Amino acid sequence: MRVLFMCTANSCRSILSEAMFNHLAPPGFEAVSSGSFPKGQVLPRTLTTLQHAGISTEVLSSKGNDAFVDCPPEIVITVCDKAAGEACPVYFGPALKSHWGLEDPSDVVADHASVEAAFRATLARIELRCRAFFALSFGTLSRDELKRELDRIGAL
């Protein structure tokens with residue numbers, strides 16, 4: 001199952017989500033990320049947060065939705081409010097869409113320790129949601145039930 005985490009810039013929240021999901025994912029699950037208006041680079045604080053958590057940053061990059069034209073996701077999860085209001089590109093076809101809103105830790109303007117804590121808290125919330133995702137009984141859920149479960153997880 002391929003899951004796309006989407007936000008506007010694809011430099012922080014969607015990258016953190018992609019990396020954590022893949023770090024925890026059992027075989028058969030893969031996450032990718034994109035932005036509707038990609039920044040073109042991953043924020044350095046995003047990468048250091050992942051590295052401090054022991055999560056690989058090797059393949060992470062900021063990219064647009066067009067990167068997945070030939071291999072669309074089955075599930076699209078928006079992580080910022082702006083992207084949640086946008087229509088999914090037509091080539092995502094019948095992908096389920098859910099919103100797992102996250103406050104942007106890169107918006108925190110404070111001392112180094114406070115900014116670092118905001119990034120760690122965001123990553124912890126993503127981990128909680130990813131673990132709830134992997135606990136789902138995918139073989140028994142209908143499409144509508146899966147959509148409801150995804151939305152429930154987004155409220156965690």
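Positions are given from 1 along the sequence. We use all heavy atoms of the structure for the numbers below, so side chains are in, but hydrogens, waters and symmetry mates are not. Remember, predicted model here, so these are calculated numbers, not experimental data.
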One thing to verify: whether Arg2 and Glu30 come together as a salt bridge, which I'm taking to mean a side-chain N less than 4.0 angstrom from a carboxylate O. yes

So, do Phe5 and Val32 sit near enough that their side-chain heavy atoms are less than 4.5 Å apart? no

What closest approach, in Å, do Val42 and Ser11 show between heavy atoms, and which atom pair accounts for it? CG1-O, 3.7 Å

As an exercise, state the distance from NZ of Lys147 to OG of Ser142, rounded to the nearest 0.5 Å. 13.0 Å

Heavy atoms, side chains only, cut-off 4.5 Å: are Leu96 and Val76 in contact? no

Heavy atoms, side chains only, cut-off 4.5 Å: are Lys97 and Thr78 in contact? yes

So, are Glu103 and Arg13 salt-bridged, with charged N and O less than 4.0 Å apart? no

How many angstroms lie between CG in Leu102 and SG in Cys7, if you round to the nearest 0.5 Å? 9.5 Å

Between Ser56 (side chain) and Glu58 (backbone), is there a donor-acceptor pair under 3.5 Å? yes

Flag side-chain contact, heavy atom, 4.5 Å: Leu136 against Ile153: yes

Keeping the roles fixed (side chain from Lys63, backbone from Ser33), state whether a donor-acceptor pair exists under 3.5 Å. yes

Are Phe29 and Leu150 in one and the same hydrophobic cluster, where Ile, Leu, Val, Met, Phe, Trp and Tyr link if side-chain heavy atoms are under 4.5 Å apart? yes

Could you grab the distance from atom CD of Glu74 to atom CZ of Phe138, nearest 0.5 Å is fine? 10.0 Å

Taking the side chain from Arg125 and the backbone from Leu156, do they hold a donor-acceptor pair closer than 3.5 Å? yes

Run the salt-bridge test on Arg148 and Asp144 with the 4.0 Å N-O cut-off and return the result as yes or no. no

How about Asn10 and Ser34: does a side-chain donor come under 3.5 Å of a side-chain acceptor? no

Audit row: Asp104, Cys80, side chain to side chain contact (heavy atoms under 4.5 Å, CB included) steps and yes/no: CA-CA 8 Å; Asp104 191 347; Cys80 73; over 6 Å; no

Looking only at side chains, do Ser62 and Gln41 share a donor and an acceptor under 3.5 Å apart? no

When you measure from the side chain of Thr49 to the backbone of Arg45, do you find a donor-acceptor pair of N or O atoms at a distance under 3.5 Å? yes

I need the Leu16 CG to Ser106 OG distance, nearest 0.5 Å. 9.5 Å

I'd like to know if the side chain of His52 and the backbone of Thr48 have a donor-acceptor N/O pair within less than 3.5 Å. yes

If you round to the nearest 0.5 Å, how far is CG of Leu123 from CG of Leu128? 11.5 Å

Would you call Glu116 and Val108 a side-chain contact if the rule is heavy atoms closer than 4.5 Å? no

So does Asp111 have more than 12 non-hydrogen atoms from other groups sitting under 6.0 Å from CG? yes

Using side-chain heavy atoms (C-beta onward) and a distance below 4.5 Å, is Phe133 in contact with Ile75? yes

Is a side-chain N or O of Thr122 found less than 3.5 angstrom from the main chain of Ala118, in a donor-acceptor match? yes

Can you find a heavy atom in the side chain of Ser17 that is under 4.5 Å from one in the side chain of Trp100? no

Could you see if Met20 belongs to whatever hydrophobic cluster contains Leu43? Use Ile, Leu, Val, Met, Phe, Trp, Tyr and a side-chain cutoff under 4.5 Å. no

Is Arg131 close to Leu24 at the side-chain level, that is, under 4.5 Å between some pair of heavy atoms? yes

Examine distances only and state if a side-chain atom of Ser114 and a backbone atom of Val109 form a donor-acceptor pair shorter than 3.5 Å. no

Ile126 CD1 to Glu18 CD distance, which is reported to the nearest 0.5 Å: 11.0 Å

